[in-house]
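What follows is a short report on a single structure.
Everything quoted here is computed from the prediction, not taken from an experiment. Counting convention: from 1, in listed order, for ligands and their atoms alike. In this chain, numbering begins with 1 at the start of the sequence shown.
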Amino acid sequence: MTRAPLASYPALRLRRLRQADWIRRLVRETVLTPADLIWSMVIHEGEGQVPVGSMPGIARLSVKEAAAAARQAKALGIPAIAVFPHIDGAKKDAQGTVALDPDGLVARAVKAMKDAAPEVGIMCDVALDPFTEHGHDGIVQSGRIDNDATVEQLVAQGLMQARAGCDILAPSDMMDGRCGALRQALETEGLQDVMIMSYAAKYASAFYGPYREAIGSGTLGTGSIENPADKKTYQMDPANSDEALREVALDIAEGADMIMVKPGLPYLDIVRRVVEAFALPTFAFQVSGEYAMLIAAAQNGWLDEERAILESLGAFKRAGAAGVITYFAPRAARMLGA
Ligand code: PBG
């Protein structure tokens, strides 16, 4: 007995191209490789590793271990590492002065990593939050983050990072005008080859929670006027999308080479819009909270951890991202069979 085709002739059977692995591989639209990954790494002043409670599998690394990790990145085919410092509370102040220290943790780690693996790109966050007592990304004056005073401090921080050997400055502070100020300072100082990857569309997100533990960030919002409760006066409103395009356009005009959208998965629509509008390398940050959610579910047996990791990273590629900043980088690179 022959059955009538499902649909009218010609039969529309999209499953034909899914029937075997070979054909699925042949028609696959996007591919994730280790070259798409930027390894998000937390470093600390002490020796050895200090596990981060809210990010199982992640530990703060010593400078020595960061250097070893850079060699590992090279072996795994991971092009770049983004470093985030955990600073001793005693060294913090209201202005984040230690952010400028040419012999500080960040400078020492960058030098050690570049010595260990010069082929691996090093990216540094330009922002004051790891260094301020209150945990804000800028200088607080009368309860407000002083934009222009902060930019001045950020330029000094960025120049210090560049002189230490950092390849990519990644301003994550969301002050207005910081990309232009950084770019101009780099030109003036003969550091014109240093790249800027701007956190152009960075949202005031709940998904940064575990990161704040990881870097021992000051507690926002103690009630004092010098410690506003949140970052909503400088980071973007999660409800906005057009505004992201304005932020990106400005940062490109000011001299950013690459753009970042942050957080990651909840903001893939922004990634897609930015890629379509500007066609320049656009990255997304799979942030600490995204890492924590996935691991927590896997630890409960609710998700297949490895599949979920690769699927989440692949989603960034599908959205059009040039790459992903992720805490999963070394694991994912291993899974991808580097
Ligand atoms: C701060 C900064 C943050 C992250 C990277 N740089 C936190 C914040 O803006 O409060 C978050 C990273 C993560 O959650 O993984 N300038």
Side-chain angles (χ1 to χ4, degrees), residues 37-43 52-60 80-87 92 96 98-99 106 123-140 145 147 150-151 153-154 157-158 161 166 168-175 178-179 182 196-221 227-238 247 251 259-267 283-296 312-313 316 324-329:
L37 307 173
I38 297 177
W39 182 349
S40 183
M41 186 183 291
V42 185
I43 55 173
V52 178
S54 53
M55 300 179 73
I58 299 296
R60 299 174 197 138
I81 297 174
V83 279
F84 298 94
H86 176 280
I87 302 295
K92 299 185 186 186
V98 169
V106 171
M123 177 160 125
C124 289
D125 232 43
V126 182
L128 302 181
D129 60 311
F131 310 94
T132 54
E133 297 156 335
H134 41 65
H136 280 287
D137 294 38
I139 296 167
V140 188
I145 314 302
N147 192 88
T150 300
V151 169
Q153 189 86 327
L154 295 173
Q157 179 188 25
Q161 293 166 340
C166 173
I168 305 176
L169 301 185
S172 72
D173 54 286
M174 290 301 279
M175 297 302 117
R178 87 278 208 221
C179 284
L182 278 169
I196 297 177
M197 181 190 293
S198 170
Y199 287 72
K202 173 168 177 181
Y203 288 86
S205 171
F207 290 98
Y208 309 145
Y211 168 89
R212 305 239 170 102
E213 183 203 335
I215 66 153
S217 182
T219 326
L220 304 177
N227 193 350
D230 55 51
K231 301 190 176 184
K232 290 178 186 169
T233 67
Y234 45 110
Q235 299 180 346
M236 281 179 57
D237 183 340
E247 283 283 359
D251 286 359
I259 290 299
M260 194 200 302
V261 173
K262 178 180 176 193
L265 284 191
Y267 294 82
F283 292 79
F285 199 140
Q286 184 178 50
V287 299
S288 56
E290 298 176 67
Y291 177 95
M293 283 196 300
L294 202 153
I295 296 287
S312 69
L313 293 171
F316 292 98
V324 194
I325 297 96
T326 175
Y327 298 91
F328 288 123

In terms of residue, atom name and distance, what is the protein heavy atom nearest to [atom]?
atom	result
atom 6 (N) of ligand 1	Asp125 OD2, 2.8 Å
atom 2 (C) of ligand 1	Lys202 NZ, 3.2 Å
atom 12 (C) of ligand 1	Tyr211 CD1, 3.3 Å
atom 1 (C) of ligand 1	Asp129 OD2, 2.9 Å
atom 8 (C) of ligand 1	Lys231 NZ, 3.4 Å

Does even one non-hydrogen atom of [X] get within less than 4.0 Å of ligand 1?
X	result
Gln235	yes
Lys262	yes
Arg212	yes
Asp173	no
Tyr327	yes

**Request:** Just let me know how Ser288 lines up against ligand 1, side chain, backbone, both or neither, with a heavy-atom cut-off below 4.0 Å.
**Result:**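 Both backbone and side chain.
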Below 4.0 angstrom from a heavy atom of [X], which ligand 1 atoms are there? Numbered from 1 as shown, please.
X	answer
Phe285	12 (C), 15 (O)
Asp137	1 (C), 16 (N)
Ala127	16 (N)

When the side chains of residues 283-294 are checked against the rest of the protein, which donor-acceptor pairs come out under 3.5 Å, sequence neighbours left out?
{"residue": "Gln286", "atom": "OE1", "partner": "Thr326", "partner atom": "OG1", "Å": "2.7"}
{"residue": "Gln286", "atom": "NE2", "partner": "Ser312", "partner atom": "OG", "Å": "3.0"}
{"residue": "Ser288", "atom": "OG", "partner": "Phe207", "partner atom": "O", "Å": "3.4"}
{"residue": "Ser288", "atom": "OG", "partner": "Tyr211", "partner atom": "N", "Å": "2.9"}
{"residue": "Glu290", "atom": "OE1", "partner": "Leu265", "partner atom": "N", "Å": "2.8"}
{"residue": "Glu290", "atom": "OE2", "partner": "Gly264", "partner atom": "N", "Å": "2.8"}
{"residue": "Glu290", "atom": "OE2", "partner": "Val287", "partner atom": "N", "Å": "2.9"}
{"residue": "Tyr291", "atom": "OH", "partner": "Pro56", "partner atom": "O", "Å": "2.6"}

**Prompt:** Partners of Asn227 by side-chain hydrogen bond (donor to acceptor under 3.5 Å, both in side chains), sequence neighbours excluded?
**Reply:**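 Asn227: side-chain hydrogen bond (donor to acceptor under 3.5 Å, both in side chains) contacts with Thr222.
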Has the side chain of [X] got a donor or acceptor atom that lies under 3.5 Å from a matching backbone atom of [Y]?
X	Y	result
His86	Val42	no
Gln235	Met174	no
Glu213	Gly53	yes
Arg60	Ala214	yes
Arg178	Leu154	no

**Request:** Using the six-membered ring of Tyr208, assess whether NZ or CZ of Lys202 lies under 6.0 Å from its centre and within 45 degrees of the ring axis.
**Result:**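 Cation-pi check for Lys202 and Tyr208: passes.
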**Request:** Tell me, with the steps shown, if Ser172 and Asp125 meet side-chain hydrogen bond (donor to acceptor under 3.5 Å, both in side chains).
**Result:** CA-CA 6 Å; Ser172 72; Asp125 232 43; 2.7 Å; yes
